[in-house]
Amino acid sequence: MKHYFIYVFFSISIIFFGCKKNNPSAIVVDEGIAPSEVGLLTTNKLFNYWDESITFFFDVNKGNSALVSTDGPLYLHIGLITSNSKDQHDWKEVATDWSKNEDAYKLTRQTDGRYSITINPSQVFKGISSSQVIKIALLLRNADGTKVQRNKDGSDMYVDIATKGETNIRFLKPYTQPTYLLKAEKDAYLINEELAIEVLSTVAGKLSMSIDEVEQESINGALHHTFKCKFATVGLHLITARIEVNGKKFVRQLQVFVNDKAEIAALPAGINKNGVTIDKQKKTVSFAVTAPGKSTIFLLGSFNNFQPESTYVLKQTPDGNTWWLTINDLNFSKKYAYQFLIDGQLRIADPYSNLVLDPLYDSSLGNSIADLPSYPIQQTTGQVSILELNCAEYPWKVEHFNKPNPYDLVIYELLTRDFSKPHNFNAIRDSIPYLKRLGINAVELMPVQESEGNSSWGYNPSYHLALDKYYGCADELKSLVDHLHQAGIAVILDVVLNHAFGQSPLAQLYFQGQTSNSNNIWFNRTPTHPFNVGYDFNHESSYTQTFVKDVLKYWIQEFKIDGFRFDLSKGFTQQNTGTSDSNVGSWSAYDASRVLIWKNYHDYLKTLDPSCYVILEHFGSDQEEQELASEGMLLWNNLNGTFNEATMGYNNGSKSDLSRLFAESHGFQTPNMVTYMESHDEERIQFKNAQYGYVDGSYSVKDLTTALERTQVAATFLLASPGPKMIWQFGEFGYDVSIDENGRTGEKPLKWDYLANVSRKRLFDHYAKLIQLKRANPIFRKARLLSSSLQEGLKYYLMTDGHQTIFVVGNFDTMNRQFQITAGLAGNWYDNMAQSNLNWVQNDHIIIKPGNYYLLSKTKLIN
């Protein structure tokens, strides 16, 4: 095919750039025009027609690179953007089923490494006219759909369709990304860098070119034209190519981003290295973000219509690590939305955001959050940060809370979502009288930081310094903390700092496909240990350590949090043991570097608050936990399995061994274990009692009253042993809905009506009595174990501290058991539950029925 081109010579200059055309003034013939082979998505045609076969080529090294290392076949997912689509995301006439791998849409690997597939759109979408079609929409996926090829910015891929007999135009250069509004393949051009813009039309006509809606050049009778420009201003520029034939115009648009070398300037004194610094006296606001290795960062916001402007280019510190900008033209009575634009391609919210708007999930929040700003739908994409310049200080009633002794702690772990129907902080605050009746002295909130989606457990965090709007606003959490403190109840926050999920700006800053790039300063490229989810933090990185400390400081200083439970604390390691479950043993072995990491964080927390509780979900080797405990840290001590075996009546082979109740079995000097028989992560005691309880003749653990009586025995052994304890929400009345109902992390039904049941109310009262005794009597802090038998069905332990001695014995068997009084147990005792005196004689035998117990002390316990 021969192509004829007419070139007209002229020159033009305007204030922000200059253009020069190539010089030929005569008609020339060029047979070298061919479709580009450069880019994420290309086709075998210069113009793609609806009723002709098109071969699509995909270079998976481009775009988000999600399929770079994928083994196995790849499949096309294809639909249309039509005149009936609401926007570019509204696919119509989708031809493929995501859950099915059809050979018709399986791609072929080419010798050059690209993948290809040939289709005829009119045959795939039968009955659809080309006049209805705006673009073909495409995605590329692996066989199970877990990896998806997209554009660099995470958007879907699109292909334009031309109509035969009608005028059309396309860009040959610069090479483009298959975005809805075309973007240059190159991330950014530099100031004064020459850019060649080459355009081809289907018919000759008046060909013109505009930049930012200002016409730069036009030529009559042209099919093909190339002009060259040098941009003099930074920012995003819109190039419009237009062909006019017989009074009709057809346009095609392309965005290019222009950078300049960053201004190097030291961070002024008094400005935080990350986040926002507000100076109300000077009426200035400073923004800062850590992002070494980047070329340009713009501040976008509602103050500049989210457009990159030279006024809002961030400066770079001499070490290249920090980008910052101070502005002084904001109205301090308003709220603003803002983002950072990284290298002209990536829009992210501030990693240090305290409030984030999400265009995908916020719509389902309804009116649960008062005064939540509207998302700037027509102005930007992605998540945006909210800046409030005139936020009133919360009027704290309890400025300085006197925390309970850590060894007196009875922690109530709860999930805000499932604790009440409104699933918010106010509902928990209204339930404080209930918690007071139970007697607990600490509440542990499962993660409340902003996470992906709305309804979750919160272990998929995106913004570690932002409050999850699903639960309420900042003042509502502060009010909850304040009221709990007034009630003498400490607040412990569950924080997730082993990992972050893909919405995290820290992860997105250095993405390579769906994998963290090797130059990410916070995350490992691949996880170093089993059980990891999301992106694995590298806690040996000074950047990560700074971020973690900033997170902890924020929650302590802003919300007066009394302590933290650290999720997956054993994952704070750079000793790579692999991610297989079979490697849990080697992962759990002593790790000196991990110990140093935790000592560092612990020491820092103590500088913020010397009485701060530091609780680790560690489950490491005894040697490592001994060292951490000696520093004052508390370790989660999970006895769910053994306690539940005991309550169900299965005691053979030491299945129900409760020896780990005591510090001595861990090699600890003091009971620095938060021991529990239920948490968010284990199956419910009463569910397993009802489903799997032992039946021995007429005695059945599956019977509700019987099972709850046995749980009373278990609660006695738990709460009467030394050290801090934890109970999971509603365990105090025998919650029996499986952890797996509606999915493991799915919402669970409320059962407050259970308290109307006599047996369940009796269990609640028993918990309340035990908690009262524990809090009132110092022996339950650090008592020394004298003797015990905790492996068989009949269990007991004897412990002492000062002038007090306590003996606990209970029958977890399903038949009567005989217990002989030894010399050490002979004498007078006080039965604290029956409130009566006992006199035991050496060598006498007492019969203990199944599900019965004694909590005895040498002198009556304070209650």
Side-chain angles (χ1 to χ4, degrees), residues 410 412-414 419 431 433-441 640 643-644 646-649 658 676-678 684-696 698-721 725-737 749-777 780 793 795 806 808-814 816-817 830-836 838 847-857 860-861 863:
V410 182
Y412 193 82
E413 186 191 19
L414 67 82
F419 185 71
S431 300
Y434 171 81
L435 299 174
K436 287 278 289 181
R437 288 197 301 275
L438 181 59
I440 54 93
N441 56 8
N640 171 263
F643 263 119
N644 215 167
T647 60
M648 290 188 294
L658 299 181
Y676 59 90
M677 60 183 182
E678 284 183 314
R684 311 303 167 219
I685 291 283
Q686 181 52 29
F687 174 81
K688 290 182 73 173
N689 288 345
Q691 295 294 316
Y692 313 114
Y694 190 72
V695 178
D696 187 359
S698 61
Y699 186 87
S700 173
V701 176
K702 294 181 178 180
D703 175 76
L704 176 64
T705 300
T706 301
L708 295 176
E709 287 175 350
R710 296 177 67 87
T711 302
Q712 286 187 41
V713 188
T716 305
F717 272 71
L718 173 70
L719 291 165
S721 61
K725 300 293 180 282
M726 186 181 77
I727 57 180
W728 167 244
Q729 64 181 31
F730 310 142
E732 67 274 13
F733 55 67
Y735 190 81
D736 54 7
V737 177
L750 289 168
K751 297 289 185 180
W752 288 105
D753 57 309
Y754 274 7
L755 286 169
N757 178 282
V758 173
S759 297
R760 294 183 186 276
K761 180 60 166 59
R762 188 180 299 122
L763 178 61
F764 173 91
D765 292 340
H766 184 71
Y767 264 95
K769 176 67 174 177
L770 290 170
I771 293 169
Q772 183 182 12
L773 292 174
K774 175 172 178 54
R775 293 180 56 185
N777 295 271
F780 295 114
K795 304 179 188 295
I806 284 180
V808 178
V809 61
N811 184 4
F812 289 97
D813 211 332
T814 54
N816 291 350
R817 294 291 298 270
Y830 184 79
D831 185 337
N832 291 278
M833 305 311 284
Q835 298 184 9
S836 60
L838 298 177
I847 301 298
I848 304 179
K849 295 179 180 180
N852 283 10
Y853 65 93
Y854 290 96
L855 171 54
L856 309 179
S857 55
K860 181 181 178 181
L861 294 173
N863 57 31

Using the rule ring-ring contact (aromatic ring centres under 6.0 Å, His included), only one of Trp752, Tyr434, Phe730 pairs with Phe764; which is it?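 Testing Phe764 for a ring-ring contact (aromatic ring centres under 6.0 Å, His included) against Trp752, Tyr434, Phe730 leaves exactly one candidate, Tyr434.
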Does a donor on one side chain and an acceptor on the other come within less than 3.5 Å for Gln729 and Tyr735? no
Decide whether Asp736 and Tyr754 meet the rule of one side-chain donor and one side-chain acceptor closer than 3.5 Å.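 Side chains of Asp736 and Tyr754: pair found under 3.5 Å.
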Which pair of heavy atoms, one from [X] and one from [Y], lies closest together, and at what distance?
{"X": "Leu861", "Y": "Leu773", "value": "CB-CD2, 3.9 Å"}
{"X": "Tyr767", "Y": "Ala715", "value": "CZ-CB, 3.9 Å"}
{"X": "Thr706", "Y": "Val701", "value": "CG2-CA, 4.2 Å"}
{"X": "Ser857", "Y": "Ile806", "value": "CB-CG1, 4.0 Å"}
{"X": "Leu708", "Y": "Gly734", "value": "CD2-CA, 4.0 Å"}
{"X": "Ser759", "Y": "Thr705", "value": "OG-OG1, 3.1 Å"}

Are the side chains of [X] and [Y] in touch, meaning some heavy atoms are under 4.5 Å apart?
{"X": "Val737", "Y": "Phe687", "value": "no"}
{"X": "Glu732", "Y": "Leu763", "value": "no"}
{"X": "Gln712", "Y": "Leu770", "value": "no"}

Between [X] and [Y] (side chain of the first, backbone of the second, donor and acceptor by atom type, cut-off under 3.5 Å), is there such a pair?
{"X": "Glu413", "Y": "Met726", "value": "no"}
{"X": "Arg684", "Y": "Gly731", "value": "no"}
{"X": "Asn832", "Y": "Leu855", "value": "yes"}
{"X": "Arg775", "Y": "Gly439", "value": "yes"}
{"X": "Asn644", "Y": "Asn640", "value": "no"}
{"X": "Arg710", "Y": "Asp813", "value": "yes"}

Full working for side-chain contact (heavy atoms from CB on, under 4.5 Å) between Met677 and Phe717: CA-CA 10 Å; Met677 60 183 182; Phe717 272 71; over 6 Å; no
Flag the pair Asp765 and Lys769 as a salt bridge only when some basic side-chain nitrogen lies within less than 4.0 angstrom of an acidic carboxylate oxygen.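 No, Asp765 and Lys769 are not salt-bridged.
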Pair Ile771, Leu719 - check side-chain contact (heavy atoms from CB on, under 4.5 Å), show working. CA-CA 7 Å; Ile771 293 169; Leu719 291 165; 4.2 Å; yes
Could you check Phe812, Tyr692, Tyr694 and say which one makes a side chain to side chain contact (heavy atoms under 4.5 Å, CB included) with Met648? Tyr692
